[in-house]
Amino acid sequence: MEIAIIAHDGKKADLVQFLEKNKAVLQEEKIRLIATGTTGGKAENSGFKVIKMLSGPLGGDAQIAARVAEGKTQMVFFFKDPLSSHAHEADINMLIRVCDVHNVPLATNEATAQLLLNAIALQS
């Protein structure tokens with residue numbers, strides 16, 4: 001299962017902490033992580049193997065949306081910062097829409113991401 005990880009700057013530390021808390025599930029052989037560039041680099045620094053796309057503002061969100069549309073990415077964790085504005089808001093909304101169109105689970109906060117990971121763990 002391919003899981004995309006994305007986080008706005010104000011949420012990157014929260015996402016890395018979430019990844020570390022769930023390391024056992026996320027490092028299973030059946031899980032492959034992809035990420036936008038900066039988020040992926042932070043995950044790599046914490047010991048995770050990640051396939052990195054471009055940075056979100058440079059098109060990484062769109063690259064991940066394309067993978068969702070192609071059926072390659074089965075789940076998306078996008079830790080959004082609701083208290084900040086983002087220049088690439090159109091790309092963010094497009095990614096959310098593509099997840100909805102293709103019925104791909106999308107977590108925009110830690111609580112929802114944890115529920116999705118718990119469901120994966122139960123299937124193991």
Please check: side-chain N/O of [X] versus main-chain N/O of [Y], any donor-acceptor pairing under 3.5 Å?
| X | Y | value |
| --- | --- | --- |
| K11 | D81 | no |
| N109 | T112 | yes |
| Q74 | K72 | yes |
| E110 | Q17 | no |
| Q63 | L54 | yes |

Do [X] and [Y] share a hydrophobic cluster, counting only Ile, Leu, Val, Met, Phe, Trp and Tyr and linking them when any side-chain heavy atoms are less than 4.5 Å apart?
| X | Y | answer |
| --- | --- | --- |
| L26 | V16 | no |
| M75 | F48 | yes |
| M1 | L33 | yes |

- Message: Can you list everything that forms a side-chain contact (heavy atoms from CB on, under 4.5 Å) with V98? Sequence neighbours excluded, please.
- Response: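 Scan of V98 (side-chain contact (heavy atoms from CB on, under 4.5 Å), adjacent residues dropped) gives A65, V68, A69, M94, H102.
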
- With a cut-off of 6.0 Å (strictly less than), are more than 12 heavy atoms of other residues, nucleotides or ligands near CG of N103? no

- Query: How would you list, by chain and number, every residue that makes a ring-ring contact (aromatic ring centres under 6.0 Å, His included) with F18, sequence neighbours excluded?
  - Reply: F77, F79

- Identified side chain to side chain contact (heavy atoms under 4.5 Å, CB included) partner of V76 from the options L106, I96, I3: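 The option that passes is L106.
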
- Can you measure from CD1 (I34) to NZ (K49) and round to the nearest 0.5 angstrom?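 Result: 13.5 Å between the selected atoms.
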
- Query: Looking at D100 and R97, does any basic side-chain N land under 4.0 Å from a carboxylate oxygen?
  - Reply: no

